[in-house]
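Along the sequence shown, residues carry numbers from 1.
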Amino acid sequence: MPVYIDPPLWPAHGTRFSHLVSDTSYEELHEFADRLGVARRAFDRDHYDVRESLYHEAVAAGALPVDGRQLTRVLVRSGLRVPARARPDRIARVLLRRWAARFPAHPALGGELVDRWSEPHRHYHGPAHLLAVLEAVDLLLTGTGLGPARSEALVLAAWFHDAVYRGRPGADERESAALARTRLGTAGFAEPFVAEVERLVLLTLGHRVADEDTVGEVLLDADLSVLGADPAGYAAYVAGVRREYAHVPGPLFAQARLSVLEDLRARQPLFRTPAAQRRWGPAAVRNLEGEIGRLRVAVGKPSDGPPVDAEVLTITAVCLRDDDGALLTVRKRGTERFMLVGGKLDPGESAASAAVRETAEEVGLRLDTAQLRLLGVFEAPAANEAGTWVRCTVFTAPLTGRPVPLAEIEELRWQPVGEDSPGAMPADLAPLLREHVIPALRRAPGGPRSRPGRATSGGAGSR
């Protein structure tokens, strides 16, 4: 396959430069540059900068001449392009362009914010984090129906949310909100608008938001989107946070970090918006569980997972709730415990596909995977198998009809989940349901909806 080169239009060092790229591999690109006599120091992550004097020689050697736009498209399609967020020297320019496109009347304020985010002590809470949050906001805004004013307030809150950052939880958020009020007021924004931006920034103080506060939900989900990063991205995030707290001794940092992550894990579902939960929820659960396990070892706390010699079954389950919020639980033939609808995964089957299949087989309800929302991934002793644990991916889904007991299901029961419901936690619930799922439903946005005193035949369950 050919390599590609654009015209020498980029001035630097008293000459002009072209860009040389491959659509196949960096190895092919390096090999061509070596033949051309271009030094490796001219390689800039995904392309070579080639002096104007070598342009015609490169074409004669087989480089395909294209214009700058075509070259960019080739690089994007190849999968070899390194995005701006991975180029610290370029992120500031990207941010300034974003600001200018959105707030062209206030260039000085945009410059000040980029300078603040670029402070040298920031290793995670820096320009790359700001860009990632802004991109996540753009993504989550789609389909929300928010008007221009509310969207603009949301974007400004993203710009200001860590504009003051010195590693002082609480104080940083308050000072960032105060900075937003001062700077936006001076810039001439209306008082109600300034107050809304300030309110949104203060939401990051405790990362809790009222029901139906869509703007707040989008901001907080965007701020936490890094939790759903791929393994390399999550590792870079963890390393960046540790560098920002390098002055804190290792054991103290591990204990504090563990407390923060366990609090986050307890808030399942972690993301408030369905789009964020679909996109980042499963990976965030895996990332949090992995880091929490490592931190518990570091601080000498016993694992809250299964014993090392226990058999662990991988299963899936679905929370189905009626109009009163009561949860469907099921009891299998020959057993005593009530659990959620669900079961083991077939070979090669995803947790979501297994959840759809099990719901149809056990209670006759038809679901689509698009209707599933991740509640969390939990571990607990199996209800009916001694010495065995289960690792269960739990979804919520709408009740699509009247459930009936099928296959091995002998009894259905609707289980209230409200904390003030009499008999809300009977002794015959499976451990996973009692210890993890019902508490997670109570913590979920909207809280418990079940009416006190309800427990009638009907049902679903978890192991």
Side-chain angles (χ1 to χ4, degrees), residues 44-46 81-103 106-140 154-180 183 197 200-205 207 218-248 253 256-257 260-261 264 276 280 283-284 287 291:
D44 186 9
R45 293 179 180 252
D46 57 11
R81 188 184 190 189
V82 176
R85 71 178 63 86
R87 298 173 175 268
D89 57 321
R90 299 189 181 184
I91 295 178
R93 281 179 280 170
V94 173
L95 290 170
L96 287 172
R97 285 199 297 270
R98 273 181 162 264
W99 178 272
R102 191 94 190 212
F103 309 106
H106 307 284
L109 179 55
E112 178 192 352
L113 288 170
V114 170
D115 286 345
R116 285 178 172 275
W117 280 91
S118 302
E119 293 164 337
H121 65 274
R122 296 173 181 253
H123 301 288
Y124 166 67
H125 294 88
H129 171 59
L130 173 58
L131 180 58
V133 171
L134 292 170
E135 290 175 337
V137 165
D138 290 345
L139 179 72
L140 298 179
L154 170 60
V155 171
L156 280 171
W159 273 92
F160 276 97
H161 83 282
D162 275 326
V164 177
Y165 184 78
R166 296 187 180 89
R168 306 161 305 159
D172 288 343
E173 289 84 353
R174 293 187 184 92
E175 290 185 23
S176 294
L179 182 74
R183 295 294 191 268
V197 175
L200 290 170
V201 174
L202 287 173
L203 288 179
T204 65
L205 181 62
H207 258 267
V218 169
L219 177 64
L220 297 188
D221 281 359
D223 191 26
L224 292 182
S225 61
V226 67
L227 300 180
D230 60 27
Y234 191 80
Y237 151 67
V238 172
V241 171
R242 183 65 184 106
R243 289 182 68 192
E244 289 178 344
Y245 288 91
H247 59 284
V248 179
F253 175 83
R257 176 76 176 166
V260 169
L261 296 187
L264 282 173
W280 301 307
N287 287 332
E291 190 181 359

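- Expressed to the nearest 0.5 Å, how far CD of E173 lies from CZ of R168 amounts to 9.5 Å.
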For H129 and H161, run ring pair (Phe, Tyr, Trp, His ring centres under 6.0 Å): C-alpha distance rounded to whole Å, both residues' side-chain angles, the deciding distance at 0.1 Å, then the answer.
CA-CA 11 Å; H129 171 59; H161 83 282; 5.3 Å; yes

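- Going from atom CG of L156 over to atom CG of L113 covers 8.5 Å, rounded to the nearest 0.5 Å.
- Closest approach of V201 to F160, counting heavy atoms only: CG2-CB, 4.1 Å.
- The side-chain heavy atoms of L131 and R98, taken from C-beta on, include a pair separated by under 4.5 Å.
- The closest side-chain heavy-atom distance from V133 to D162 is not below 4.5 Å.
- Of the residues W117, W99, F103, the one that meets the ring pair (Phe, Tyr, Trp, His ring centres under 6.0 Å) test with W159 is W99.
- Using a 30° and 60° split on the angle between ring planes, Y165 and H125 fall in the parallel class, below 30°.
- Taking both residues in full, the closest heavy atoms of P127 and S118 are given as CG-OG, 3.6 Å, listed atom of the first, atom of the second, then distance.
- With values rounded to the nearest 0.5 angstrom, L140 atom CG is found 12.0 Å from E135 atom CD.
- Contact between Y234 and V226 at its shortest, heavy atoms only, is CD1-O, 3.8 Å.
- Within the 4.5 Å cutoff, side-chain heavy atoms of R122 are placed close to those of E244.
- Between A222 and S225 the shortest heavy-atom distance is O-OG, 2.9 Å.
- Atoms CZ and CG, from R166 and D172 in turn, are 7.5 Å apart once rounded to the nearest 0.5 Å.
- Remark: the D223 side chain and the H207 side chain contain an N/O donor-acceptor pair separated by less than 3.5 Å.
- Of all the heavy atoms in A163 and L179, the pair that sits closest is CB-CD2, 3.8 Å.
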After noting the C-alpha distance and the side-chain angles of Y237 and N287, does the key distance pass the side-chain contact (heavy atoms from CB on, under 4.5 Å) rule?
CA-CA 11 Å; Y237 151 67; N287 287 332; over 6 Å; no

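- Proximity of R102 to L134: side-chain heavy atoms (C-beta onward) are nowhere separated by under 4.5 Å.
- Closest non-hydrogen pair, A229 versus A283, comes out as O-CB, 4.3 Å.
- No side-chain heavy atom of R242 sits under 4.5 Å from any side-chain heavy atom of R257.
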Between L219 and L154, does a side-chain contact (heavy atoms from CB on, under 4.5 Å) hold up when you go through it step by step?
CA-CA 7 Å; L219 177 64; L154 170 60; 3.6 Å; yes

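- Looking at heavy atoms from C-beta onward, L264 lies in side-chain contact with L261 at the 4.5 angstrom threshold.
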